[in-house]
Amino acid sequence: MKNLLVTGGAGFIGSNFARYMLQKYPQYQIVVFDLLTYAGNLDNLRAVADDARYTFVQGDICDAAAVRAALRKYRIDTIVNFAAESHVDRSILDADAFLRTNVMGTFTLLQAAKELGLERYHQISTDEVYGWVDKPAVEDDPLIPRSPYAASKASGDLMVNAYYVTHGVPTTITRGSNTIGPYQYPEKVVPLFVTNALENKPLPLYGDGKQVRDWLYVTDHCEAVDVVLHHGKIGEAYNVGGENERENVEVVKMILDTLDKAPDLVRRVADRSGHDRRYALDLTKMRALGWQPRHSFEQALTETIRWYENNAWWWQKIKSGEYREYYEKQYGERLRTSEAVTV
Ligand code: NAD
Ligand code: TYD
């Protein structure tokens, strides 16, 4: 493995992964292949822009010809697919792009991996494919996705497995939990709440705020993908969690405390439709590969908050753009009908 195509590498986790791999493996070439949707941002890759081992190609993973051209031109042996529509709330407003990229895009990459005989196709998936769980999910549990986003990601996983079983494509999958860290687009709850708090704007908490997510620091997520690429078993899926289950109210509280902001910034707003109460992962299989998360919840959240405090240039640029339209659509009415809440 030497020449990696990192699809979706201009997004949050993909750009962290590109930087991580360039730093760790001096002999690797990293080609980031990204459409630059609203979530893609070349600022995320500024730190490696002058590295001769890094190349950026703007392209769509649904474009079979563009994918093949990049694979051939850069003699790619491994695809790591981060490219996706990734936000549940947007999938509730309109799921079209989710099916296109997360299902058809995955299919297009798998077909190219098969035809060109790649050494590995790795799919970045999510704990949301298991749906709302009562106990930590194991990899063989049924996939019972409940949002259009999760359903599109589960479809991608099923297609990956089909290409392994039917066509012998050497695949692996990682199913990560809620990831936080630098360069996360401020639509997901942590960067949204941190940047809103920094601007003294309201924090829109959905419903009773007692939903549970398992929080994972982004470098731990990247390290797990690296471990699976090098030591994972072909045809298998691996859960990647932070072992940091927290209710949303606890997350909000810690953000406010760390930034020394008043609790009255929090507003209770209309809940997300179909809101999953809990995601949780059993990590036995990843632990058997020698990996475990290094960051506690407190470390992960504090490092993330500090990054947003110190990099206002990055998120202020985003928040002043087309983001405003999305924000109004998603939160305008909700905030107008919101109520105060004590966390
Ligand atoms: P992101 O939204 O920050 O980035 C997605 C990237 O994909 C963007 O750069 C975008 O331009 C690119 N992209 C979208 N459509 C494309 C297309 N058709 N062709 C090429 N590029 C395209 O997402 P993220 O949070 O970094 O998530 C990356 C992956 O990890 C996704 O597959 C997501 O499902 C998965 N995941 C995310 C989390 C999380 O907490 N963020 C947790 C588990 C799994
Ligand atoms: P999110 O970051 O969208 O991740 P996901 O839904 O994919 O896990 O949301 C994390 C949790 O925070 C989830 O329970 C929904 C909640 N949430 C809010 O309460 N308010 C918000 O504005 C957002 C975006 C999320």
Side-chain angles (χ1 to χ4, degrees), residues 6-17 32-42 44-45 57-63 66-67 80-92 97-98 100-102 104-106 108-109 123-129 132 147 149-150 152-153 156-157 174-181 183-193 196 202-216 218 221-222 225 239-242 246-249 251-252 266-272 274-279 281 327 330-331 334-335:
V6 179
T7 54
F12 163 47
I13 310 175
S15 62
N16 277 281
F17 180 75
V32 167
F33 185 94
D34 195 296
L35 184 57
L36 295 182
T37 67
Y38 78 91
N41 185 348
L42 288 179
N44 302 1
L45 291 159
V57 177
Q58 184 166 8
D60 185 344
I61 62 164
C62 302
D63 180 343
V67 167
V80 186
N81 180 29
F82 290 88
E85 289 295 330
S86 67
H87 189 37
V88 173
D89 289 323
R90 288 190 192 249
S91 82
I92 295 170
F98 289 74
R100 191 177 170 278
T101 292
N102 302 0
M104 290 308 292
T106 297
T108 305
L109 293 174
Q123 177 79 349
I124 304 296
S125 183
T126 164
D127 59 0
E128 303 193 27
V129 296
W132 165 357
S147 71
Y149 162 68
S152 69
K153 291 296 290 184
D157 283 20
T174 42
R175 299 194 177 125
S177 66
N178 284 62
T179 305
I180 54 174
Y183 302 104
Q184 184 170 31
Y185 193 87
E187 64 187 353
K188 308 281 170 29
V189 76
V190 166
L192 175 72
F193 282 13
N196 277 16
L203 314 188
L205 186 66
Y206 294 161
D208 65 6
K210 295 208 177 293
Q211 301 80 11
V212 173
R213 297 294 185 264
D214 172 24
W215 298 96
L216 171 69
V218 68
H221 194 154
C222 294
V225 174
N239 289 341
V240 178
R246 294 287 186 287
E247 288 184 350
N248 292 337
V249 280
V251 177
V252 181
V266 183
R267 306 293 304 175
R268 187 190 302 290
V269 300
D271 204 352
R272 171 187 286 172
H275 198 167
D276 286 335
R277 293 297 282 186
R278 182 184 175 206
Y279 300 134
L281 293 173
Y327 198 83
Q330 183 64 23
Y331 297 106
R334 274 189 158 107
L335 282 168

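Start at 1 and go down the list; that is how both ligands and their atoms are numbered. In this chain, residues are counted from 1 in sequence order.
- Residue Asn41 has no N or O atom closer than 3.5 Å to an N or O atom of ligand 1.
- Taking each of Val88, Leu203, Val189 in turn, the one with a heavy atom nearest to atom 2 (O) of ligand 2 proves to be Val189.
- Taking every heavy atom of Gly176 and a limit of under 4.0 angstrom, the matching atoms of ligand 1 come to 43 (C).
- Contact atoms of ligand 1 toward Tyr149: 33 (C), 34 (O) (distance under 4.0 Å to a heavy atom of the residue).
- Checked against a 3.5 angstrom limit, the closest N/O atoms of Trp215 and ligand 2 fall outside it.
- Residue-ligand proximity: Tyr331 is placed with a non-hydrogen atom under 4.0 Å from ligand 2.
- With ligand atoms numbered from 1 in the order given, ligand 1 contributes 40 (O) to contacts under 4.0 Å with heavy atoms of Asn178.
- At least one N/O-N/O distance between Phe82 and ligand 1 falls below 3.5 Å.
- In terms of N/O distances under 3.5 Å, ligand 1 is approached by Thr101.
- Heavy-atom distances between Gln330 and ligand 2 stay at or above 4.0 Å for every pair.
- Considering backbone and side-chain N/O atoms, Lys153 comes within less than 3.5 Å of an N/O atom of ligand 1.
- Annotation for Tyr331 and Leu192: closest pair OH-CD2, 3.4 Å, computed over non-hydrogen atoms.
- Taking each of His275, Arg268, Gln211, Lys210 in turn, the one with a heavy atom nearest to atom 15 (C) of ligand 2 proves to be His275.
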